[in-house]
Number of protein chains: 2
Amino acid sequence: MEKIQHRNLYREVADRVRELIEQGVLAPGERISEKKLCEQFGVSRTPLREALKVMASEGLVEILPNRGARVTRLTVKKVRNTYDVMAALEGLSGELACQNITDEEIAAIQRLHDTMLEHYRQRELQPYFRVNQQIHERIIAAADNDVLEEMYNNLSQRVKRVRYSKKMTDDFWKRAVEDHEAMIEALQKRDGLMLGRILREHLCNKLEVASLDGMIEEEGDDELPSRAASS
Amino acid sequence: MEKIQHRNLYREVADRVRELIEQGVLAPGERISEKKLCEQFGVSRTPLREALKVMASEGLVEILPNRGARVTRLTVKKVRNTYDVMAALEGLSGELACQNITDEEIAAIQRLHDTMLEHYRQRELQPYFRVNQQIHERIIAAADNDVLEEMYNNLSQRVKRVRYSKKMTDDFWKRAVEDHEAMIEALQKRDGLMLGRILREHLCNKLEVASLDGMIEEEGDDELPSRAASS
DNA sequence: GAACGGTATTATGAATTCAAAATCAAGACA
DNA sequence: TGTCTTGATTTTGAATTCATAATACCGTTC
């Protein structure tokens, strides 16, 4: 059955702006022109402004009084803080998942795991990441905690812009896969504490791989320090 | 120095609506009349509607397409889920705080602790809760993680409406104070794992004292199932 | 008396309008 | 040449307006 959901316009607009930010069309620190986006989306300023305010509460944009909205600039510290919290949430999801998960759900995750292993063997980075992400989402879903899921999705959205560097060496990759093997094992044993611990440390690994090199170290209140490469 | 901050109107409005919800002036499940609130605040519908949309993303209200906003109704499950996540966040704050906290900050918390003990001895419930809350806030602040603090504040706001039952017996209270004694000890030893564990379980106790009895068990999509006791 | 239908009223969603602040662009001046 | 005014233009913030969906009211029918 199709979900004929009359979502409010501001939600649609917010989704599209999120996409633009995620794809880097709207660069970090860039001032968001309401006029331009309205024309692009074919809507008036009202729903766009509502969307921007919601996104400000989500941490994706910042609103400067009388000076409009700009895309939040990621800093090393912000990303680190976000990953720390995400790790704690993933840890909780592991504990809860082991309490609630069904055999069928474990089997489904097992299948995803096998698919992921295949991508690993073929060294297909993008498909690997995609399936990897799905596994984590399944575990979060199995935790059966809406609030947890909501918080995790929010944080996940914020750091989606972080691109992973070429430092994804065989060594890191191998270790990540080993973590996943251990996760499956903990899941099958329904060992919540174990799964929690693995998930916490697993995500920490991801941070090490993230390319924070190019990212600015600390907050800058100034205008447009780096005009970035736009060609 | 006074912070002469020209905050946007929608933020002011949101704060005031949050107060109304927290104080129960706007009851759970109650439909929010834009007109009435606008007149009350002396603003147009634009900033109010922006505020409501932000609050929807904060989980305080729900927006039904073409049917306006209503105050989110707390359910037993929602509260439990929220507490679980808060516990995880508090646990993380304990670990991080032990890494970062200074002797001065510990001393300040120690002083708050002593004040709290005095309120405990005098059986002054409200002052006790207030200082108690301050201690937790100090630990969160000491963790030096903006994202953590933001998430925690958000969740905290959602369950502020939960009232504590008369089950706050001497026994529970004594146990809570003992937890706090242990916290101080862990802080001084800078034993992050220990402090984390205490904080997690501490919150579980709080959940037991929460008066969830009167609260509806599951979500109801209908109009106004329980008109609640208003006399 | 209860259920159904149709109209009037009200409330919401989104576009438009208007006032005020910020930005931009010249031109004056050191 | 570079900095500071001053006025024009643009952009933002918030009120207002307009179209549409939901609700309330009321008469009809069974």
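The sequence lines fix the lettering, A, B, ..., with proteins before strands; numbering per chain opens at 1.
Taking 4.5 Å as the limit, every side-chain heavy atom of A:Thr46 sits out of range of all side-chain heavy atoms of B:Arg49.
Every ring-ring contact (aromatic ring centres under 6.0 Å, His included) that A:His180 has, sequence neighbours left out, goes to A:His136, A:His202.
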Letter per nucleotide, 5' to 3', of nucleotides 11-18 of chain D [B base touched, S only sugar-phosphate touched, - untouched; heavy atoms, 4.0 Å]:
SBBSBBB-
Contacts table for residues 92-101 of chain B: side-chain donor-acceptor under 3.5 angstrom, sequence neighbours left out:
residue	atom	partner	partner atom	Å
B:Ser93	OG	B:Glu90	O	2.6
B:Asn100	ND2	B:Leu96	O	3.3
B:Asn100	ND2	B:Ala143	O	3.1

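Counting non-hydrogen atoms of other residues, nucleotides and ligands closer than 6.0 Å to CZ of A:Arg11 gives a total of 12 or fewer.
Atom-to-atom, CG of B:Leu48 to C1' of C:dA11 comes out at 13 Å; the value is rounded to the nearest Å.
We find that A:Asp84 and A:Arg200 are not joined by a salt bridge, their nearest charged nitrogen and carboxylate oxygen being 4.0 Å or further apart.
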